[in-house]
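Please read the structure below before turning to the comments.
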Amino acid sequence: MFHSIRWRIAITFVVLILVCMGGLSAYLLHFVKDNYLDNLRMQLTAQAQLVGDASEPYLDSGQTESIDALAERLGNKISARITIINADGVVLGDSEKDPKTMENHSGRPEVIEALSSEVGSSIRYSTTLSCDMMYVAIPITVDDKVAGIARVSLPLAEINGALGHMNRMIIGGTGIAAFVAILLALQISRSTTEPLKKLTQMSERIARGELDQKIEVTSRDEAGDLAEAFNLMAARLKEMVTLLTSERDKMAAILSTMGDGIFIVDSGNRITMVNQAAEKLLKLSEDEVVGHTFIEVVRDYELDNILQKCLKAREQRTGLVETESRKQFLGVIATPLGSGSLVLLQNLTELRHLETVRRDFVSNISHELRTPVASLKVLAETLEEGAIDDKAVAQDFLHKINIEVDRLTQMVNELGELSRIESGEFPLNLGPVDLSEVVRQVSERLRAQAERGGLSLKIDTPPDLPEALADEEGVEKILVNLLHNAIKFTPPSGSVTISTKVEGDSILISVADTGVGIPADDLPRIFERFYKADKARASGGTGLGLAIAKHIVEAHGERIRAESTEGKGSTFTFALPLAAKP
Ligand code: ADP
């Protein structure tokens, strides 16, 4: 409480008032007392003079025995004690006591003083009357010679009573004045500190983020000026915060919609900010990134090296990094930002994959074309060189030429079909399809081929399989391709099973075989055009069947996947939407 300005002002005021009033009272009491005593002294001096004048004839005539009676008479009249003393200090008369019993008064201070100057006075305790008294003595001169001393004295009890009353009045008055002064001081300090209190409350609210604060300016004094300045400051602050917030929101929107990962790293290598793309790229949450060092988060020495070079040289550094841990191919740009750096990571993995696919596609297509074209050329040259004259050989060669031309035609047809599906020129003819029937027909078509290969072909479809909403011709194409592959890649005495089941909103169709399987490295790529796991290309296919199947399934809004264990077999599963939703 006493740390507040209000109380400090109030207490200072009160102490000041008490000191002033105390000083003033002490001075007043002293002044009044002095005044009283001076007046009394003057009064007693005048009376002593009269007493001196009255006793002078007695001293002059030597009738000292009548002096005591005179003293008593005069004392009664003026209600004071009167003592008349001769020049040797012998008391000749006293209004209160028998002079004969009184000791010599030549040693009394007022007497000594009166003899050396005109008037002598003293305040002391009277042993005769047992109280404080004021004594005033004057010399009585007869023929210019001191014949005696007239002394008048009064007890101070009365004065002390009057002074005591005065004291009480002054102390009471001081008390009341001090009390009023304290109330006033509290009021003044309250009105002085009130605006400060309001300012404090407003500052606290602003600190909590409530920026719409305004103090009412009620006075034109310094507190009013302060309130006005504060209102101005609060308004400016709001403007600035609004501006900064909108800038920050813009930045946040840009950063969150950016496809590239952004990190802001401080000079101590700690990440202070990341965007969503960066979190996605590293598959980490913001908590696992912000506050950690860059190397801790990216866990790649090469990547960190680019940042370190940028931090050291304070220049932009770029690079391409293939991360070991995440198997990602990243483009890195580290740019100095303040004392730290801004690191941008571009995920080029997909781009590089597409590039590989494109390269492989070109090399595959040329390979696929080269083989039949080369055999055609050899066959044609051999015929030209004379084989045409041998009818049987010519027949055989022409048959072979026919097969190669068929292969080329199939490839060209499939490529055309694929590009039509990809470019959307192959509209799906959607309708309810009885998949059990399609499965049955397709397996009948390929059963002979399976049996030739020594394989058993099984169908596992539930009797009440609901209809799918699909393009029947497309579904047939997918099934033929999958079944054809399964038969092609399964050695004799193996089996191929086609099964169907309902799962959620879809029907799942699987073609499983007990064949050679697909190496794990090839598995993710078998749906690419011309991609063949069988590197010797002994199977004789075009490498386009799965790519076509994938596109048809995806055109239905569904997916196809392959699972395989090398040497044990493969299972291809694709989904089709149900005609009637459950
Ligand atoms: P292809 O005309 O060569 O059969 P696909 O696109 O149908 O072309 O298949 C691509 C490659 O996937 C095949 O060359 C083969 O290596 C592999 N493959 C497909 N189905 C199977 C399967 N059932 N078993 C083993 N390998 C398969």
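Quick caveat: nothing in here was measured; it's all calculated off a predicted structure. What's counted below: heavy atoms across the whole structure, side chains too, no hydrogens, waters or symmetry copies. Atoms within each ligand, like the ligands themselves, are counted from 1 in listed order.
- Ser570 and Ser564 are linked by a side-chain donor-acceptor pair at a separation below 3.5 angstrom, with hydrogens and angles left out of the test.
- Taking every heavy atom of Ala486 and a limit of under 4.0 angstrom, the matching atoms of ligand 1 come to 23 (N).
- Taking every non-hydrogen atom of Tyr531 and a distance limit under 4.0 Å, the qualifying atoms of ligand 1 come out as 10 (C), 11 (C).
- The main-chain N or O of Leu446 is never found under 3.5 Å from a side-chain atom of Gln449 such that the two would form a donor-acceptor pair.
- Below 3.5 Å of separation, one finds an N or O of Lys488 facing an N or O of ligand 1.
- Proximity of Gly517 to ligand 1 is established by a heavy-atom distance of less than 4.0 Å.
- Evaluated by nearest non-hydrogen atom to atom 19 (C) of ligand 1, the leading choice among Thr571, Thr514, Asn485, Ile548 is Asn485.
- Considering backbone and side-chain N/O of Ile526, none are found under 3.5 Å from N/O of ligand 1.
- The main-chain N or O of Ser499 is never found under 3.5 Å from a side-chain atom of Asp460 such that the two would form a donor-acceptor pair.
- Applying the salt bridge (Lys or Arg N to Asp or Glu O under 4.0 Å) test to Glu247 and every residue at least two apart in sequence or in another chain returns Lys250.
- Closest heavy-atom approach to atom 2 (O) of ligand 1 within the set Gly545, Gly543, Ala549: this belongs to Gly543.
- By the 4.0 Å heavy-atom criterion, Ile518 is counted among the residues contacting ligand 1.
- Between the side chains of Thr335 and Gln316, at least one donor N or O lies within less than 3.5 Å of an accepting N or O.
- Judged as a salt bridge (Lys or Arg N to Asp or Glu O under 4.0 Å), the pairs with a partner in residues 223-239 (not counting sequence neighbours) are, in order, Asp212-Lys238.
- A donor-acceptor pair shorter than 3.5 Å cannot be found between the side chains of Asn269 and Glu296.
- Under the 4.0 Å criterion applied to side-chain N and carboxylate O atoms, Lys309 and Glu315 are not assigned as salt-bridge partners.
- Residue contacts with ligand 1 include Phe572, since one or more of its heavy atoms lies under 4.0 Å from the ligand.
- For Met240, the CE atom is loosely surrounded, since the number of other residues' heavy atoms within 6.0 Å does not exceed 12.
- Among the atoms of Phe489, none of the N or O lies under 3.5 angstrom from an N or O of ligand 1.
- Looking at Leu482, Asp513, Ile487, it is Asp513 that brings a heavy atom closest to atom 23 (N) of ligand 1.
- Contact annotation: for Leu546 versus ligand 1, heavy atoms closer than 4.0 Å belong to both the backbone and the side chain.
- Interface atoms of ligand 1 facing Leu544, defined by a heavy-atom separation under 4.0 Å, are 6 (O), 8 (O).
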